[in-house]
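Let me begin by presenting the structure, written as structure tokens, before commenting on it.
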Amino acid sequence: MTKKAITRFAPSPTGFLHIGGARTALFNWLYARRNGGKMLLRIEDTDRARSTTEAIDAILDGMKWLGLDWDGEVVYQHQRADRHTEIARQLLAEGKAYYCYCSPEELTKMREKARAEGRAPGYDGTWRDRDPSTAPDNVKPVVRFRAPDEGETVIRDHVQGDVRFANRDLDDLILLRSDGTPTYMLSVIVDDHDMGITHIIRGDDHLTNAARQSQIYAALGWQPPEFAHIPLIHGPDGAKLSKRHGALGVEAYRAMGYLPEALRNYLVRLGWSHGDDEIISTKQMIEWFDLDHIGRSAARFDFKKLENLNGHYIRHGDDRELISAIKVSLHEFESCEDLAESLDEEDWRKFELAMPGLKERAKTLVELVNNARYLFVKRPLSFDKKARKLLGKEDARHVLERLTPVLENIEEWSVEALEQSVRDFSQETDIALGKIAQPLRAALTGGAVSPGIFDVLFVLGKKETLARIADVGKNDEL
RNA sequence: GCCCCCUUCGUCUAGUGGUUAGGACGCAAGAUUUUCAUUCUUGAAACAGGAGUUCGAUUCUCCUAGGGGGUGCCA
């Protein structure tokens with residue numbers, strides 16, 4: 001029996017969970033779930049100055065919202081610093097690491113010089129074999145890894161294939177800073193090893209690190225995990241994702257009215273495929289996900305496609321679940337603050353009742369909520385330009401007058417009965433249905449666009465419907 | 001500069017040493033329709049360029065161009 005996969009998602013808490021991170025988390029999650037394994041969560045906060053608790057909260061919150069749950073407790077990397085330094089000392093004792101007394105200024109000069117001469121701009125090994133007794137005593141040293149200087153390091157990557165690096169291009173990286181704290185490069189290795197990680201699935205930007213890390217694994221005599229470096233996500237213009245395009249935190253997508261399942265579906269198709277399948281449920285993702293079908297080129301973020309997928313999941317969503325999703329985030333929807341404050345039990349009941357008609361015509365939850373406004377407005381309604389135009393016509397108002405008794409006489413206020421009666425009225429009076437429905441829509445919703453008119457009638461109820469129609473008759477400004 | 005990676009419709013992608021190069025989003029046209037949507041039908045739209053290997057390359061190799069990543073006492 002093969003060992004169960006243990007993956008990890010290891011964000012650094014310097015900002016929110018952006019879309020690229022979310023996809024990395026999703027891939028790790030899917031791979032673990034697919035293989036009956038575990039996905040661990042580790043916060044890479046070794047850079048204390050840049051790590052914030054707000055960022056940690058945002059990341060955890062984002063993952064929960066996306067439905068990506070992790071196994072076990074969250075590991076905070078900086079809390080394991082002692083263990084990391086212990087390994088650094090071991091390397092030092094074995095001669096696989098050494099003290100370096102170069103000042104930051106010297107290093108900068110070194111880099112500039114190398115660059116000017118067209119060489120690889122790494123550390124030149126000044127202290128690699130130098131006698132520590134010649135060290136200046138006013139300088140606190142860093143600890144550097146003694147990397148092999150010849151031969152090559154090859155990474156067998158599940159996405160990128162075999163990638164070869166000449167060892168002379170990889171310099172002696174810093175393990176321990178001059179203040180004694182461990183760097184990311186040391187910490188990841190120790191933690192991944194100690195946590196029993198079997199597969200590292202992370203962004204392409206770590207590919208070079210993988211080579212450096214595998215050298216350290218070798219020095220330690222540890223077996224490196226399997227690697228899968230996934231391509232980055234770019235903005236619509238092909239440049240690195242920035243705040244201008246899609247590099248928003250996942251909570252921003254929630255605030256824009258996207259559903260987590262839509263985002264998951266969109267994200268999984270960005271770089272990974274399963275034949276021609278586009279609409280993929282989470283259950284299917286877990287069944288199908290593999291490393292072999294991850295593409296090697298960067299993908300651009302396309303809001304239009306996300307929107308389309310979101311519309312699909314809204315249309316096919318369960319009414320009650322959609323209501324819950326709206327309840328959770330209504331307060332953060334743009335221009336919906338008023339509703340977040342004012343909706344009462346009865347409003348929510350009507351909202352759910354109207355959902356079948358509403359969900360057919362919204363690509364985001366925000367759009368859906370705004371389309372539902374006619375349900376909550378208080379009489380007398382105000383009318384938009386198109387509604388005014390519709391109701392401004394003499395004969396349109398006349399139609400409403402003639403329709404009123406018909407509606408008054410309806411006993412059973414159901415969509416079917418309503419439709420039957422209005423259609424009969426249309427036949428008898430020889431007035432086209434459109435000539436009835438449009439003024440009616442304007443009178444009842446204040447606009448020219450809405451769900452099916454019989455839905456509107458039904459959800460509003462007899463009393464409110466009649467009252468809104470009557471309001472139009474009394475309105476002199478139309 | 002140096003190292004590494006990538007390149008199929010506008011976008012996400014499938015695919016194969018011989019295919020009318022497939023799907024999806026978007027776009028266009030049409031049908032349905034009480035508005036808007038939905039739904040359905042149809043259409044336009046791609047193998048970056050150049051060599052080579054081969055009977056035959058989109059597919060394999062090399063080069064060029066373009067794009068991306070790395071190059072920190074950041075992660």
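Residue numbers start from 1 in every chain, and the chains themselves are labelled A, B, ... in the order their sequence lines are given, proteins ahead of strands.
In this structure, A:Leu232 reaches the sugar-phosphate backbone alone: every heavy-atom distance under 4.0 Å involves primed, P, OP1 or OP2 atoms, never a base. Nucleic acid contact class of A:Val163 (heavy atoms, under 4.0 Å, all strands): sugar-phosphate only. Using a 4.0 Å heavy-atom distance criterion, A:Ile453 is classed as a base contact. Backbone-only engagement by A:Ala299 is indicated by non-hydrogen atom pairs under 4.0 Å involving sugar-phosphate atoms exclusively. Residue A:Pro451 is in base contact, counting any heavy-atom pair closer than 4.0 Å across all strands shown. Contact annotation for A:Ser187: no contact, since no heavy-atom pair falls under 4.0 Å across all strands. A:Arg441 comes within 4.0 angstrom of a nucleotide base, judged by non-hydrogen atoms across all strands. If you check every strand for non-hydrogen atoms under 4.0 Å, A:Asn209 touches a base. A:Ser178 comes within 4.0 angstrom of a base, heavy atoms only. Among the atoms of the strands shown, only primed sugar atoms or phosphate atoms (P, OP1, OP2) are found under 4.0 Å from some heavy atom of A:Gln160. Using a 4.0 Å heavy-atom criterion, one finds that A:His274 contacts no nucleic acid atom at all. Among the protein residues, A:Cys102 comes within range of the nucleic acid bases, having at least one heavy atom under 4.0 Å from a base atom. Contacts of A:Gly447 with the nucleic acid, taken as non-hydrogen atoms under 4.0 Å apart, are absent. Among the heavy atoms of the strands, none lies under 4.0 Å from A:Lys386.
A donor and an acceptor atom, one from each side chain of A:Arg441 and A:Gln438, are located under 3.5 Å apart. Side-chain contact, A:Tyr266 with A:Asn310: no donor N or O sits under 3.5 Å from an acceptor N or O. For the 3.5 Å distance criterion, the side chains of A:Tyr184 and A:Asp47 fail to qualify, holding no donor opposite an acceptor.
Under the Watson-Crick or G-U wobble criterion, with both distances below 3.5 Å, B:G30 is paired with B:C40. Pairing partner, B:C2: B:G70, with both Watson-Crick or wobble hydrogen-bond distances short of 3.5 Å.
Atoms CZ (A:Arg296) and P (B:G67) sit 21 Å apart, rounded to a whole Å. Remark: P of B:G23 and NZ of A:Lys305 are 13 Å apart, rounded to the nearest angstrom. For A:Asp384 and B:C36, the CG to P distance is 14 Å, given to the nearest whole Å. For the pair A:Asp277 CG and B:A24 P, the computed distance is 12 Å after rounding to whole Å.
The side chain of A:Met185 approaches B:A75 more closely than any other nucleotide in the set B:A75, B:U13, B:A24. Looking at the side chain of A:Arg144, the nearest of the listed nucleotides B:C73, B:U39, B:C6 is B:C73. The side chain of A:Val142 sits closest to B:C73 out of B:U34, B:C12, B:C73. The side chain of A:Leu433 approaches B:U34 more closely than any other nucleotide in the set B:U34, B:A24, B:C74. Across B:C3, B:A37, B:G26, the shortest atom-to-atom separation from the side chain of A:Glu360 is found for B:A37.
Classified by interplanar angle (parallel below 30°, tilted 30° to 60°, perpendicular above 60°), the ring pair A:Tyr31/A:Phe289 is perpendicular.
Within the 3.5 Å criterion, the main-chain N or O of A:Ala417 finds a donor-acceptor partner in the side chain of A:Ser421. A:Arg397 places no side-chain N or O within donor-acceptor distance of the main-chain N or O of A:Leu400, the cut-off being under 3.5 Å.
As rounded to the nearest Å, B:U35 and B:U13 have C1' atoms that lie 36 Å from one another. Between B:U20 and B:C25, the distance separating the two C1' atoms is 24 Å to the nearest Å. On the C1' atoms, B:G50 is 15 Å away from B:G66, given to the nearest whole Å. With C1' as the reference atom, B:G15 and B:A24 are 15 Å apart, rounded to whole Å.
For the pair A:His293 and B:A14, the ring geometry does not qualify as stacking, because the centroid separation below 5.5 Å and plane angle under 30° are not jointly satisfied.
For the pair A:Ile469 and A:Leu407, the minimum side-chain heavy-atom distance is below 4.5 Å.
In this model, no side-chain donor or acceptor of A:Lys363 finds a partner on the base of B:A37 within 3.5 Å. Between the base of B:C74 and the side chain of A:Arg50 there is a donor-acceptor pair shorter than 3.5 Å. Side chain A:Arg361 to base B:C36: a donor-acceptor pair is found below 3.5 Å. You won't find any donor-acceptor pair under 3.5 Å spanning the side chain of A:Asp204 and the base of B:G69, going by distance alone.
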